[in-house]
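Reading through the structure tokens given below for one structure.
Hydrogens, waters and symmetry mates are skipped; everything else that's a heavy atom, side chains included, is used. Predicted model only: the values in this text are computed from it and were never measured. In what follows, residues are counted from 1 in the order of the sequence shown.
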Amino acid sequence: MQKRLLLTAEVASSQQIDVNSNISRELESAEEGTMSHIAPSAIDKLRRFCYLGSIKQPVYAPTSFDLTVEAHFEALRELCDKVNESKLIEFLRDVLDASNDQYLPRHDEAILILAVYLSTCSDETQRTQVRKYFPAFVRTSQELFLFMKFVKQVQKLLDRKTPFSRTVRKAVLEWYQHQALDKLLHMWSLSDCNPAQHRELLQRCHYMTFKFDEEKLAALRVLSAPIKELIEWPEYLEPLAHCKETIQGIANLRQTANAEAALPLIQKMSLCYEHLPRRIVSNHKVVSLLMAKMTYDQMLQSWPTFLKINRSNRHAQTCYTERFFDPAQLRAANVEPLRLLLQEARGFSRQKVTTKGVFTPKPPSIIQKLYKQSFGLNKPFGLRLHITINLEMVYLGKCLLGRFRSIKYIDAVLALAFGYFKCDPKVNVRIWYDKSGKLKALPWTSSMSVDDAKATCESQKVVKIKQTLIDVVDDALLDTKQTYDVFLVLVPCGTRGNQRNKSEQLCKRLDEYREKRNKDAKFIILSLRQQQGSMGYSSARNENILELCSISEQTPRLINAFAHGKFF
């Protein structure tokens, strides 16, 4: 039981433009010979919302970290009213399944849909059917708390007096009932466990009146009890006597302020990084003990702290960095170059520019070195890519806008385009080179380093071009040797070269390619120096076009998800 209690969390938790008139004319034109225009269903719109946080436009423009319920409630309520419970269950199971985590940016939007449905559905039978799947949809306690936060906001928007409905209370109690005893205890053992939140939630749902067995009820008391109470071991915890030593050990550890005093407890119970309060992880002996059990992702999150702690210990620093640069571990972790570029940018501090005298350049950091090594070590994309890049010299030295203003345009291009080029054999990279709008191949080779690839881009000396997105599809139509699954276009802004800043002409050309070459072809625009959509998109059909504005940690997942047909 002790061994199962201390499992890792990974194992334990398994701009809108009206184009209706143009669209109407497009739909009525039989002579155009385009493919059938498929109108997005309510489920399609909900699915798009889960990935993009947007319902009407296939545009991802990250503006904030938190989801604003008020901005989406009415639209989601209307869509939920159009979907029957069986379709909603199937949709949520697909989106929130653990196997979809490599595609879905986060669970927030899907959990909001669940909160809106359970709070607004007027049919009790349908609500009950969806409620039965609640434990499968909400996999962690943090997602449970997020769901309850959304429910409270929805109830307020509905002008209801109680924070939770009876359906929600039943769903919460059934969630706790569904969790295995070991998982509940493991949930408590993690450093991010908040007993006060569990205690408030359980009390609001009147958990003492629910039929839990003795062990499960005792585990819920452990989950919600103050630390001092657990150390004293009250009588109500006796059903868990077989876990007493472990529970009291972790409780004592949380009361310990001294890292040296915590060391014996960590060794005795073989605790992992995720079990320890962050104040305890401040001693080089503790760090050395934890390193062998840390995942690559945990190492990436904690590397500045660990290096600071081991500043005077060269051997420990060497062991730590060796794990970082192990190609096998880097390949297994599947860390995208873009993520490392963004992580380095977060540690960037603006300094006064030196204009006189001689100064020594700052040596590259561990993350900079790791970024350069990571190219070619990701999992293959698995699709045939046609990549087109705007390499005008006026943009190469410019930086991005928004959150990552320290990242240059050319570096963002390399992190994405060269990253895909190095991992997949079926990638064709082209650039606009003059005012004709035509494309030519960019002479990258698979043996190049990212520095060589950057030098190749700069050596093109592209002064002024005609950036036309339609020419990208035309170029592919002329390529009789290769058929493409995805068109990936990296530009400062997607507006240039598009008639009336609307997607209809590009959509028609893409339809032509889908008819002649590949019926599932998709088009992705990365407007790297934009914070909002560059053109209007159809609200009457799925155009198979996606626009991503600027860059974020979610960019690779969204490209992957859209390319593999996870949403439209």
Side-chain angles (χ1 to χ4, degrees), residues 10 44 46-54 57-62 91 93-110 296-297 300 330-343 371 374-389 404 412-429 472 483-491 494 510 514 518-528 542-568:
E10 181 182 358
D44 288 338
L46 289 173
R47 193 179 296 274
R48 175 187 288 174
F49 177 73
C50 287
Y51 288 89
L52 302 181
S54 169
Q57 298 282 294
V59 176
Y60 182 78
F91 151 67
R93 289 180 68 178
D94 178 51
V95 169
L96 291 170
D97 189 77
S99 63
N100 198 46
D101 287 348
Q102 61 179 314
Y103 301 105
L104 190 68
R106 61 180 186 178
H107 287 191
D108 298 40
E109 285 77 8
Y296 202 92
D297 191 65
L300 276 180
L330 189 56
R331 188 185 296 277
N334 194 33
V335 181
E336 300 95 349
L338 181 63
R339 176 181 172 182
L340 297 172
L341 182 66
L342 297 180
Q343 187 154 342
Y371 163 72
S374 66
F375 286 89
L377 296 179
N378 295 118
K379 292 180 181 177
F381 194 57
L383 297 174
R384 298 162 293 184
L385 271 172
H386 185 290
I387 300 179
T388 308
I389 310 172
F404 298 105
V413 165
L414 289 165
L416 288 160
F418 193 62
Y420 287 121
F421 177 80
K422 287 280 284 187
C423 292
D424 284 84
K426 297 178 181 180
V427 179
N428 194 327
V429 184
V472 174
T483 299
Y484 300 99
D485 300 307
V486 182
F487 296 94
L488 185 62
V489 182
L490 292 85
V491 293
L510 185 60
R514 289 166 66 87
N518 183 355
K519 64 182 179 64
D520 296 319
K522 295 176 175 61
F523 200 100
I524 304 174
I525 308 163
L526 270 77
S527 296
L528 295 174
N542 293 323
E543 295 184 303
N544 296 289
I545 301 173
L546 170 68
E547 182 174 3
L548 304 176
C549 303
S550 189
I551 56 173
S552 71
E553 295 85 348
Q554 315 304 343
T555 301
R557 286 190 178 191
L558 290 170
I559 293 173
N560 198 14
F562 185 74
H564 285 91
K566 294 293 180 176
F567 68 98
F568 300 98

Mark yes or no for whether N378, through its side chain, and R331, through its backbone, hold a donor-acceptor pair below 3.5 Å. no
Report yes if some heavy atom in the side chain of I559 is under 4.5 Å from a heavy atom in the side chain of V486; otherwise report no. no
State, yes or no, whether a side-chain contact exists between D101 and H107 at a heavy-atom distance under 4.5 Å. yes
Is it the case that the side chains of D94 and N100 hold a donor-acceptor pair, with the cut-off being a distance below 3.5 Å and no angle test? no
Taking C-beta and beyond as the side chain, do F568 and N544 meet within less than 4.5 Å on heavy atoms? yes
Rounded to the nearest 0.5 Å, how far apart are CG of L488 and CZ of F523? 9.0 Å
Could you tell me whether the side chain of R384 and the main chain of N428 form a donor-acceptor pair under 3.5 Å? no
A side-chain contact here means heavy atoms from C-beta on lying under 4.5 Å apart; do D485 and D520 qualify? no
Test item: L558 and Y51 side chains (from C-beta on) under 4.5 Å apart, heavy atoms: yes
Go through the steps for L510 and E543 under the test side-chain contact (heavy atoms from CB on, under 4.5 Å), then give the verdict. CA-CA 9 Å; L510 185 60; E543 295 184 303; over 6 Å; no
Using a 4.5 Å cut-off on heavy atoms from C-beta on, say whether the side chain of N542 contacts that of R48. yes
Over 60° means perpendicular and under 30° means parallel, so classify the ring planes of F567 and F562, tilted if in between. tilted
Could you label the plane-to-plane angle of the F421 and F418 rings as parallel, tilted or perpendicular, counting under 30° as parallel and over 60° as perpendicular? parallel
List the atom of A417, the atom of I389, and the distance in Å for their closest heavy-atom pair. CB-CD1, 3.8 Å
Using the rule given for side-chain contact (heavy atoms from CB on, under 4.5 Å), can you reason through R339 versus L300, listing the C-alpha separation, both sets of side-chain angles and the distance that settles it, and then say yes or no? CA-CA 10 Å; R339 176 181 172 182; L300 276 180; 3.7 Å; yes
So, N560 side chain and Y103 main chain: donor-acceptor pair closer than 3.5 Å or not? no
K426 (side chain) donor-acceptor with D424 (main chain) under 3.5 angstrom: no
